[in-house]
Number of protein chains: 2
Amino acid sequence: MTDRPRRGRRPGDPAVTRTGILEAARSVFAESGYERATIRAIAERAGVDSSLVHYHFGTKQDLFVAAHDFPISPATLRAVLEGGEGTLGERMARTYLTAALSGGSLEAFVRAAISNPTARLLLKEFVESAFLDAFEGRIEGPDARLRMALAASHLVGIFMARRIVGIDAIADADLETIVRMVAPSLDRYLGGEPAA
Amino acid sequence: MTDRPRRGRRPGDPAVTRTGILEAARSVFAESGYERATIRAIAERAGVDSSLVHYHFGTKQDLFVAAHDFPISPATLRAVLEGGEGTLGERMARTYLTAALSGGSLEAFVRAAISNPTARLLLKEFVESAFLDAFEGRIEGPDARLRMALAASHLVGIFMARRIVGIDAIADADLETIVRMVAPSLDRYLGGEPAA
DNA sequence: CCCTCAATTCATCAATCGATGAAAAAGGGG
DNA sequence: CCCCTTTTTCATCGATTGATGAATTGAGGG
């Protein structure tokens, strides 16, 4: 990592270099958003020439897609659905907020989605299919999908406030406190009553 | 607007040109976000040379600030606080969602805040002072500020879902329907009970 | 051990962008 | 009506960026 790299192929596993680039891409995208992130910055963080990034992943957009396969795993989804302690809203808040606030993956996604149409579509697709569709059928009553979306958007808003905008009251609060406060609101959306 | 502009000062009021640039700036910033928006595109939309933009407003960041003085007016705030029909949460949801979803001003702000540190600070400042501070004292109970911020973040999330990401369920829904569904959640935050 | 192929850097291009400085045209006070 | 100021376009610079092609070096099969 500290060697002066000469030209040509270097010893060791090329796969390490590849995943290193992906990791660097994720972190730079998360920090700077899609537009501001430069291939050169990603390459530098990976300790690699910028051409190598293109060689492995093609265009910048290809790299972004490759680096962000799946923000939240299906396993996470199952954990939310197939109970445990607490209400559904509580599990949902805790699981998604923890996942979103820990890694940089979703942050990169959201940041990128703001300015880049492709990333925006990916995010929309992710939320609608892997999120709304997954819960569909488990939530009853009229407007089920809209109520689901409202619950999800609440979490997105909290994520934005804490991670992107940095509203103090939310950024400084204990995560579990937030979860306990938010859970009843989510349960109200997921519970079924049509809201007067 | 359709004339071939020769060089030099043009007849008519220069203030018209100025406000035209500001308007163009708002719309381009809203569409593209801060990074993607180019001075050249703004100038073209205003029917003006790009240098004129610099002449009037200096740097790109200066222009952004000048174009987005205040997303939501103090008058709007008062309308929310000093009742009328419905609960506080209902007035809050209706007023802010309408304001945020109608003009392009807040959209530009949010988009810009994602990638530009200055815009991010402006947005944070706006939310925290003109929003949280304004309600402070009117909301009782422990964690008042956090609960306020949760209510605000819920609205931000809905705005994101509808305007930025374009989640169908929320984008297609009637605004008044959303307001009625969300209001009880907001009231819960603003009402005072500490949430078990 | 050689020869091909994959991995990697170097050099460089074309495009774009923000910004500046000079030139041209209209306004307006004296 | 003249002259200085303001407003506007034109020309251009320097920096940055994504991308490409050639050169160099290691890996690995035969």
Side-chain angles (χ1 to χ4, degrees), chain A residues 1-25 28-29 31-67 112 115-119, chain B residues 1-25 28-29 31-67 112 115-119:
Chain A
M1 209 185 290
T2 44
D3 241 0
R4 302 270 172 264
R6 293 205 330 283
R7 225 187 223 184
R9 182 168 185 162
R10 62 173 87 161
D13 194 354
V16 174
T17 309
R18 252 186 85 99
T19 60
I21 293 176
L22 284 181
E23 213 168 307
V28 173
F29 276 130
E31 283 172 24
S32 317
Y34 184 84
E35 307 296 339
R36 259 187 168 213
T38 77
I39 298 266
R40 283 169 165 87
I42 292 171
E44 188 181 12
R45 185 162 308 184
V48 138
D49 187 274
S50 77
S51 302
L52 193 62
V53 178
H54 287 298
Y55 172 76
H56 278 303
F57 300 101
T59 171
K60 182 182 180 181
Q61 202 145 141
D62 292 340
L63 171 63
F64 180 83
V65 173
S115 59
N116 184 264
T118 303
Chain B
M1 205 185 294
T2 44
D3 242 0
R4 301 271 171 265
R6 294 205 330 282
R7 219 188 227 186
R9 182 170 185 164
R10 60 171 87 161
D13 193 354
V16 174
T17 310
R18 251 187 85 99
T19 60
I21 293 176
L22 285 180
E23 214 169 307
V28 173
F29 277 131
E31 282 173 25
S32 317
Y34 184 84
E35 307 296 340
R36 252 184 173 216
T38 78
I39 298 266
R40 283 169 164 89
I42 292 170
E44 188 181 13
R45 185 162 307 184
V48 138
D49 187 275
S50 77
S51 302
L52 193 61
V53 179
H54 288 296
Y55 172 75
H56 277 303
F57 301 101
T59 171
K60 182 181 180 182
Q61 202 145 138
D62 292 340
L63 172 63
F64 180 83
V65 173
S115 58
N116 184 265
T118 302

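Computed from a prediction, not measured in an experiment: that's the story for all the values here. FYI, side chains are in, hydrogens and waters are out, and symmetry mates aren't considered; it's all heavy atoms of this structure.
- In this structure, B/F57 CZ and B/I39 CD1 are separated by 10.5 Å, a value rounded to the nearest 0.5 Å.
- The separation between B/D49 atom CG and C/dC17 atom C1' is 14 Å, rounded to whole Å.
- Expressed to the nearest 0.5 Å, how far CD of A/E35 lies from CZ of A/F29 amounts to 9.5 Å.
- In this structure, CZ in B/R40 is found 9.0 Å from CG in B/D49, a value given to the nearest 0.5 Å.
- Whole-Å rounding puts the B/F64 CZ to C/dG18 P distance at 14 Å.
- Nucleotide D/dG18 holds its P atom 14 Å from the CG atom of A/D62, rounded to whole Å.
- Around atom CD of A/E23, no more than 12 heavy atoms belonging to other residues, nucleotides or ligands sit under 6.0 Å away.
- Among the atoms of the strands shown, only primed sugar atoms or phosphate atoms (P, OP1, OP2) are found under 4.0 Å from some heavy atom of A/A37.
- How far CG of A/L22 is from CD1 of A/I42: 10.0 Å, rounded to the nearest 0.5 Å.
- Note that CG of B/L52 is 7.0 Å distant from OG1 of B/T17, once rounded to the nearest 0.5 Å.
- One interatomic measurement links the two molecules: CG of B/D13 to P of D/dT6, which rounds to 16 Å at whole-angstrom precision.
- Here D/dG18 presents its P atom at 12 Å from CD of B/E35, a figure rounded to the nearest Å.
- Rotation axes derived from the C1' atoms of the five outermost pairs at either end of the helix from C/dC1-D/dG30 to C/dG30-D/dC1 lie 0° apart, to the nearest 10°.
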Review point. How would nucleotides 22-30 of chain C be written as a contact map, 5' to 3', with B for base contact, S for sugar-phosphate-only contact and - for no contact, using protein heavy atoms under 4.0 Å?
Key: -BBBBS---
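- Between B/P14 and B/H56, every side-chain heavy-atom pair lies at or beyond the 4.5 Å cut-off.
- Note: A/Y34 OH to A/K60 NZ = 5.0 Å, rounded to the nearest 0.5 Å.
- What separates CZ of B/R36 from P of D/dG18 is a distance of 12 Å, to the nearest Å.
- A/T59 places no side-chain N or O within 3.5 Å of a backbone atom of A/D62 that could act as its donor or acceptor partner.
- In terms of heavy atoms, B/A37 sits closest to B/V28 at CB-CG1, 3.7 Å.
- Computed from coordinates, the A/E44 CD to D/dT17 C1' distance equals 15 Å when rounded to whole Å.
- Annotation: proximity of residues 52-60 of chain A to DNA chain D (heavy atom, distance under 4.0 Å) is found for A/H54, A/T59, A/K60, numbered in ascending order.
- A heavy-atom distance below 4.5 Å is found between the side chains of A/V48 and A/R10.
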